[in-house]
Every structure is written in C-alpha cells, then in structure tokens.
Engineer: 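Below you'll find the structure I mean.
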Amino acid sequence: MAEQNRDPQAGYQPETLAVRAGTARSQFNEHSEAMYLTSSFVFDSAAQAAARFSGDEPGNVYSRFTNPTVAAFQERLAALEGGEAAVATASGMSSILALIMAHLSAGDHIVASNSLFGATLQLFNNILARFGVETTTVAQTDVGAWEAAIRPNTKLFFLETPSNPLTEIADIQALSAVAHAKGILVAVDNCFCTPILQRPLDLGADLVVHSATKYLDGQGRVLGGAVVGARQFTDPVLAFLRTAGPTLSAFNAWVLLKGMETLQIRMEAQSTRALQLAQWLEAHPKVARVFYPGLASHPQHALAMRQQKGGGAIVSFEVKGGRSEAWRVVDSCALLSITANLGDTKTTLTHPASTTHGRISPEARAAAGIGEGLLRVAVGLEALVDLQADLERGLSRL
Ligand SMILES: *Cc1c(COP(=O)(O)O)cnc(C)c1O
C-alpha cells in the first residue's frame, strides 16, 4: 500500500490536514479514500497470522480494532487536534464510555461540570455509579469549585466547553493546571468547537472526545465518536475497544472522512452566521437575553476569544415570556427544523426545557439556568435573512 500525506507533523495548515491527512492509497491508486467493507483480513502464512495477532507485526487483523478506512479517519482527526493518536468509536457516547473504562476503576472519582451533555451526566450518575465510580458535578465556570471537589481518589476532570445550551466556557488551561498538580487526567468533549475553533490538547488537556455525529460529519448522516491524545492515553482505549467492541464502522468512517474535508469552511461559515444571528437577536425587542460566546455581552467573552477561534454555531436566547411564547416561536417556523440534533448544515431549533432537559426536575433546571422561555438554535448554512425571517414570524406575534 503506497502511503502519502500520512505525517501529521508535516506542518500543514488545518484546512490542508482536513483534506489530506490520513490518505493511504491501495495498489489501484484511487484518488478518493477507499472504503474497506470487510470484517477480517487474510494472512500470508500461519506465522504472519501469529505475528499480527500478537502485535509483533503491524497490520490489519479484524475490523473490531483494525480497519484501513477507520485508521484514515483516526489519523485525520488526530492531525487536526494535534494529538499523537485517535481511537474511533461507534458514537460520541461510546467514546466517553471507552475513555472511562480504559482509565478508571471501581473506587475512582470523577469531577465533571454540571452542564455536561445530558446522556454524559446519566452515564456518570446512573451507570458508572453502579460500578463504584463516583462523580461530583461542579459549576463549569468556577475553577475553585473544581479544585475543592478533588478527593484523594480523583482520577479525571471531565468538561465540555462551550456548554449546551447556555454556552458557558470552562477555562481549559486553568483546569488542566489544577488537575495536573494532583496527577489527575483532563478530558474535554470538543464537540461544539471541533479542532477548527479549539484545540484542547494545546491548552493542556490530556484527552479529547468527540461526537463525530455532529460537526465532523456535518450533514446529519451517521453516528461516530473518537478519543484523541498522546499514545500513552489512547492505547488503553484501543485495548478496551479490541475487547469490548463499540467500534466505528468502516462505512461511517468513510462518511466522516468526506465530512471533515469541508470542516473548516463549514465551521467558519456557520460561526459567522451564528454571530450575526446572535447580534440580531440581541437587538430584538421580544428577546430578553442572548447566550453566545462571540458577543461582548457574554460573561466570559474574553476567555472564549482567547481559547477559541470563533464563537461556534450554537446560539441560545430567551424570549420575553415563558413556555407558551417560546413554543409559539418554534411552531411559527417553516424553515428551521424542530429537532434536537446539531452540527448539521440545516439549522435546528430546540426548546431545551421540554426536550433535551425535560427529564430533570424543574428546580434543577432553574438552578442550571434553563428557563421556560429559552430556545437553542444550532445554526447551519442557510442564508441569514431566511433564518431571521423564520424566527421573526413567531417573535413578531409575541
Ligand atoms: C451529541 C453529543 C454527545 C453524544 O454523541 P452521540 O454521537 O450522539 O453518541 C456527546 N457530547 C456532546 C456535547 C454532544 O452534543
């Protein structure tokens, strides 16, 4: 197999890596990445089979843990994140599970932000707790609270920044310094920014996890995930995957490779539209408040602009009023999709209090700042004027 463009240290810019990193041509010299839909690989001899299984000879064995299309996706993402290696998984949730299973044991403790993705909090609080791994959740923005939550058995800080839906920013550099002083690993869910807007490993984090389902695909087609970092931290994740099997399919890896080729231009365009939409909403008489890191009014605007290359594509806002006013805006939309997914070229609209955050108690929701009038827009690639007109239809009726 002729190999090309495989060196992530070649000094290429991100948009070049997004198109070229991880390219490995077969004997047919195809230009677009080949899709290797095969569960297993054939050996030349019994001796080679033995050497491949033991790892003495590198090469493909079985697609639960080795597949050339998946490897191409892993190399491309690792190059973009500035990590030594990546391990692809079947979904974003299985990347978080694989990271935990690889690095923690019963009796260990996690400190995590209380504004994590809902399924991540459920994984920690409802499932890991049954296996003797305890989690303390703290305010995303309060570095002192993270430090105060550390116990002798704390093994991991887990954060996700900006948060969903309020776009609160965790200070990756400050939290990494606090954690590393106590030998604690730092993992960052980089789903919202992608490596185009934020590179947590450069800021001191040890591991990055992704829901590739979102912006890496970018067109709402497949599920996927990955864990990225130094090989010493990703090798145990690969060992877990080899044994437990929440593996990314070669087909999904191929779709993600194609999606990543346009990652830079999509993130820039969606981020630009999101900022313009946030500015328009902030000036709207029927809007009480806008949450967007790119706005000067965001409480952590300075930190966000230091840590990120843009505000991202998620804008949340509170309409004046409560649930019925928010729902009127949702139901007046003809263009925006009423769906919880994000990261798509199609703009989506969600009422968090009755959907993504509907299963938590009203008191907990209020404490988390998720009001009944709050709406979340995941901005896609449609024209700004069309997005504005769609939202204006409902807003003008309030
Ligand atoms: C969607 C999402 C996940 C879970 O990813 P799946 O691919 O749906 O399993 C994890 N973290 C964040 C921030 C997400 O938005």
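Counting convention: from 1, in listed order, for ligands and their atoms alike. For clarity, every value in this text was computed on a predicted model and none was experimentally measured. Excluded from the calculations below are hydrogen atoms, water molecules and symmetry mates; all remaining heavy atoms, backbone and side chain alike, are included.
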Engineer: Assess the side chains of Thr136 and His109: does a donor N or O sit below 3.5 Å from an acceptor N or O?
Structural biologist: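 The answer is yes; a qualifying pair exists.
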Engineer: Is the number of heavy atoms from other residues, nucleotides or ligands under 6.0 Å of Glu15 CD greater than 12?
Structural biologist: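 Atom CD in Glu15 is crowded, with more than 12 foreign heavy atoms closer than 6.0 Å.
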Engineer: Would you call Glu33 and Arg76 a salt bridge, using N to O less than 4.0 angstrom?
Structural biologist: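 Looking at Glu33 and Arg76, the cut-off is met.
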Engineer: Taking atom 8 (O) of ligand 1 as the point of reference, which of Ser211, Ser163, Ser94 owns the nearest heavy atom?
Structural biologist: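 Among Ser211, Ser163, Ser94, the closest heavy atom to atom 8 (O) of ligand 1 belongs to Ser211.
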Engineer: Is the NZ or CZ atom of Lys214 positioned over Phe117's six-membered ring, under 6.0 angstrom from the centre and within 45° of the axis?
Structural biologist: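 Output yes; distance and angle both within limits.
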Engineer: May I ask you to decide whether Glu325 forms a salt bridge with Lys286, counting only side-chain N to carboxylate O separations under 4.0 Å?
Structural biologist: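 No, no charged N to carboxylate O under 4.0 Å.
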Engineer: Provide the number and element of each atom of ligand 1 under 4.0 Å from a heavy atom of Gly92.
Structural biologist: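 Here the atoms of ligand 1 in question are 5 (O), 6 (P), 7 (O), 9 (O).
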Engineer: For atom 9 (O) of ligand 1, grab the closest protein heavy atom and report residue, atom and distance to one decimal in Å.
Structural biologist: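 So the nearest neighbour among protein heavy atoms is Met93 N, 2.9 Å.
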Engineer: Around atom 1 (C) of ligand 1, find the nearest protein heavy atom and jot down its residue, atom name and distance.
Structural biologist: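 So the nearest neighbour among protein heavy atoms is Lys214 NZ, 1.4 Å.
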Engineer: Verify the distance criterion only: is there a donor paired with an acceptor across the side chains of Lys155 and Ser105 at less than 3.5 Å?
Structural biologist: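 No.
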Engineer: Quick one: does Asp189 get within less than 4.0 Å of ligand 1, heavy atoms only?
Structural biologist: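 Flag set, Asp189 near ligand 1.
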Engineer: What protein heavy atom sits nearest atom 4 (C) of ligand 1, and how far away is it?
Structural biologist: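 Nearest neighbour among protein heavy atoms for atom 4 (C) of ligand 1, to 0.1 Å: Phe117 CE2, 3.5 Å.
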Engineer: Which ligand 1 atoms are under 4.0 Å away from a heavy-atom of Thr213?
Structural biologist: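 Those of ligand 1 that fall under 4.0 Å from Thr213 are 6 (P), 7 (O).
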